[in-house]
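Report on the structure given below.
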Amino acid sequence: MADRYLSFTATAPGRFLTARLGLPQPAALTRWTAERPSLDGHLLHLTAGGPSGLDLAPVLARTGLPTATGTAGSTTGSDAGTTTGSDAGTTTGPTGRATGPTGPAAVVLDATGVRDVDALAEVHAALHPVVRSVAASGRVVVLGAPLDARDHHQAAVQQALEGFVRSLGKEIGRGRTVNLVRLTDASAAESTLRFLLSPRSAYVSGQVIGVGAAEGSDGPVDWDLPLAGRTALVTGAARGIGEAVAETLARYGAHVVVLDVPQAAQDARRVAARLGGSALTLDITAADAGERIAAELPDGLDVLIHNAGITRDRRLVNMPAERWSSVLDVNLASVLRTTDALLAKGALRTGGRIVATASIAGLAGNAGQTNYGASKAGVAGLVRSLAPRALAEHGVTVNAVAPGFIETRMTAAVPLFIREAGRRMNSLAQGGLPVDVAETTAWLAHPASGSVNGQVVRVCGQSLLGA
Ligand code: NAI
């Protein structure tokens with residue numbers, strides 16, 4: 001459904017009027033297109049807390065953005081060129097091409113070496129002078145270290161980075177996002193950094209993402225068609241977010257199996273035909289759904305996306321047992337059953353990826369959604385418990401996306417005022433699009449994302465719900 005308020009604020013009179021009235025000022029987000037696949041501008045690589053030992057420069061260079069470097073409070077010199085001044089530097093890219101006197105499109109602050117409160121001041125010193133100049137729809141990515149259980153000073157200031165990032169995300173505006181990545185190995189985080197530093201992460205902000213150590217070599221990665229030769233099954237893919245996920249995975253080269261209920265068979269076939277994939281009509285709550293998927297795909301599959309979901313809202317006092325059980329069955333029990341069956345049969349190949357769909361309603365709770373909230377919180381629990389075992393025993397990662405307010409048929413049916421509140425109550429002051437969830441899912445399904453495991457990543461524009 002069109003967001004007319006967003007269109008209105010994109011006009012000069014709309015901007016003037018809404019600013020005078022003190023109303024939200026959403027910025028049109030820059031999203032991935034084939035013509036504009038990366039952010040427009042340079043990347044500023046800063047350090048706080050002294051050298052961290054991460055070998056970041058080569059990974060950042062491969063994002064394709066010309067890079068300038070600096071330490072807290074000063075931005076001079078560059079390994080890819082030169083930067084003069086931190087607010088409006090002129091950066092020269094690797095090719096010697098001047099990228100203009102504009103602010104950075106992205107800032108990466110390596111704060112992994114911050115171990116005490118004094119060093120934390122360097123986070124302020126590094127970002128205070130540059131944050132204003134970050135381009136619209138730009139990115140701030142802070143890198144943190146895992147919390148050290150033997151050093152409560154390190155743990156305190158590394159945890160402090162979370163509050164810092166979430167607060168900056170709420171105030172930065174202009175479609176800019178702020179996220180924190182905890183890591184120990186830069187190359188293991190390459191797919192994550194490429195995602196966060198690209199237009200594909202337009203609606204992901206205020207997130208803390210843990211990246212583990214490299215899990216051996218995933219082999220050479222084709223960054224343009226990473227899923228070429230792989231098979232991905234998406235449940236509930238006949239429409240909405242699932243259709244966008246199927247489309248995005250197909251764009252990355254996967255053969256996509258579009259699974260949906262028999263009533264949606266026509267739409268499922270239409271989507272599959274458009275994407276060069278295949279359709280599978282099956283109610284995912286069937287007791288033998290896992291076995292039927294495995295029978296349909298005798299060569300196995302690489303990517304399993306649990307997207308099918310339903311709502312049957314009522315306050316608990318008015319909720320009949322049937323509304324409770326139908327939601328729990330589709331959204332949680334069938335996810336558990338099919339995952340178990342496919343792993344037990346070895347149907348997910350080594351290097352496989354499972355991405356389930358939670359919701360911010362499951363993380364924050366929502367009136368009228370005790371059934372839905374319970375089911376989606378259950379998805380997060382499943383992911384956190386299964387992830388280490390699935391990786392150790394099957395070489396398969398397990399993660400979840402937790403969408404916020406996404407413009408779909410489901411949210412179009414929400415009454416006007418509640419819909420407007422849902423759209424605006426986030427740091428980007430607008431709803432997300434199905435493609436935002438799809439791009440996040442595709443990053444988690446990426447062959448190079450083997451060190452991202454057990455994460456629940458919100459795609460919610462940093463919704464105030466459950467923040
Ligand atoms: P939708 O209602 O547009 O699409 C859901 C699809 O799942 C439909 O094609 C439906 O036929 C299919 N499906 C339902 N039950 C099924 C079953 N038993 N077996 C197989 N397929 C089944 O929903 P939407 O908005 O695209 O949501 C997709 C997922 O994202 C759901 O899990 C939903 O809970 C979640 N989500 C959506 C949000 C939003 O703002 N739209 C927010 C948070 C989470």
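The model shown is predicted, which means the values in this text are computed figures rather than measured ones. First listed ligand is number 1; within each ligand, the first listed atom is number 1.
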Could you name the option among Ile284, Asn307, Thr357, Leu259 that has the heavy atom nearest to atom 32 (O) of ligand 1?
Asn307

May I ask you to check whether Ile406 has an N/O atom sitting below 3.5 Å from an N/O atom of ligand 1?
yes

No-hydrogen, no-angle side-chain donor-acceptor test under 3.5 Å, His306 and Ser334:
no

Salt bridge check: are Glu322 and Arg312 linked by an N-O gap of less than 4.0 Å?
no

Check whether any N or O atom of Tyr372, backbone or side chain, sits under 3.5 Å from an N or O atom of ligand 1, and answer yes or no.
yes

Between Asp260 and ligand 1, is there a nitrogen or oxygen pair with a distance under 3.5 Å?
yes

Does Lys376 come within less than 4.0 Å of ligand 1, judged by its heavy atoms?
yes

Looking only at protein heavy atoms, identify the closest one to atom 17 (C) of ligand 1 and say how far it is in Å.
Val261 CG1, 3.4 Å

Arg194 NZ/CZ over Trp223 ring centroid, <6.0 Å and within 45° of normal
yes

Close approach of Arg409 to ligand 1, heavy atoms, under 4.0 angstrom
no

For ligand 1 and Pro403, I'd like to know whether there is a polar contact (N/O to N/O, distance under 3.5 Å).
no

Taking Tyr203 for its side chain and Val435 for its backbone only, find out whether a donor-acceptor pair lies under 3.5 Å.
no

Keeping Asn399 on the side-chain end and Val452 on the backbone end, is there a donor-acceptor pair under 3.5 Å?
yes

Just which atoms of ligand 1 are under 4.0 Å from any heavy atom in Ala308?
7 (O), 13 (N), 21 (N), 22 (C), 32 (O)

Is there a heavy atom of Ala361 sitting under 4.0 angstrom from any atom of ligand 1?
no

Test of understanding: with side chain to side chain contact (heavy atoms under 4.5 Å, CB included), list the residues that count as partners of Thr441, not counting sequence neighbours.
Val245, Ile305, Val355, Val401, Val437

Between Arg292 and Asp283, is the closest basic N to carboxylate O distance under 4.0 Å?
no

Determine, stepwise, if the pair Ser451 / Val211 fulfils side-chain contact (heavy atoms from CB on, under 4.5 Å).
CA-CA 6 Å; Ser451 13; Val211 178; 4.0 Å; yes

Counting N and O atoms only, with roles assigned by atom type, does the side chain of Asn366 sit under 3.5 Å from a partner on the main chain of Ala361, one being a donor and the other an acceptor?
no

Near Gly240 (heavy-atom distance under 4.0 Å), the atoms of ligand 1 are 26 (O)

Which option out of Val327, Asp283, Val459, Val379 puts a heavy atom nearest to atom 18 (N) of ligand 1?
Asp283

Who's the nearest protein heavy-atom neighbour of atom 42 (C) of ligand 1, and how far?
Gly404 O, 3.0 Å

Which residue and heavy atom of the protein sit nearest atom 5 (C) of ligand 1, plus the separation:
Gly309 O, 3.9 Å

Under 4.0 angstrom from ligand 1, any heavy atom of Asp329?
no

Check ligand 1 against Leu282 and write out every atom of the ligand that is under 4.0 Å from a heavy-atom position of the residue.
19 (N), 20 (C)

For Thr411, the atoms of ligand 1 under 4.0 Å from one of its heavy atoms are 40 (O)

Say whether, by atom type as modelled, one donor and one acceptor occur between the side chain of Arg315 and the main chain of Ala367 under 3.5 angstrom.
no

Salt-bridge present (Glu162, Arg166; N to O < 4.0 Å)
yes

Would you please determine whether Ala358 falls within less than 4.0 Å of ligand 1 on a heavy-atom basis?
yes

Compute the shortest N/O to N/O distance between Arg239 and ligand 1 and return yes if it is under 3.5 Å, no if not.
yes

Can you tell me which residue and heavy atom of the protein come closest to atom 38 (C) of ligand 1, and the distance to 0.1 Å?
Met410 CE, 3.6 Å

Carboxylate-amine/guanidinium proximity below 4.0 Å for Asp299 and Arg349
no

Closest candidate by heavy atom, reference atom 25 (O) of ligand 1, pool Val330, Thr408, Thr311, Ile310
Thr408

Does the pair Arg337/Asp340 count as a salt bridge with the N-to-O cut at 4.0 Å?
no

Under 3.5 Å, side chain of Ser201 to main-chain N/O of Leu196, donor-acceptor pair present?
yes

Give the residue, atom name and distance (to 0.1 Å) of the protein heavy atom nearest atom 7 (O) of ligand 1.
Gly236 CA, 3.3 Å

What residue and heavy atom of the protein are closest to atom 26 (O) of ligand 1, and at what distance?
Ile241 N, 2.8 Å

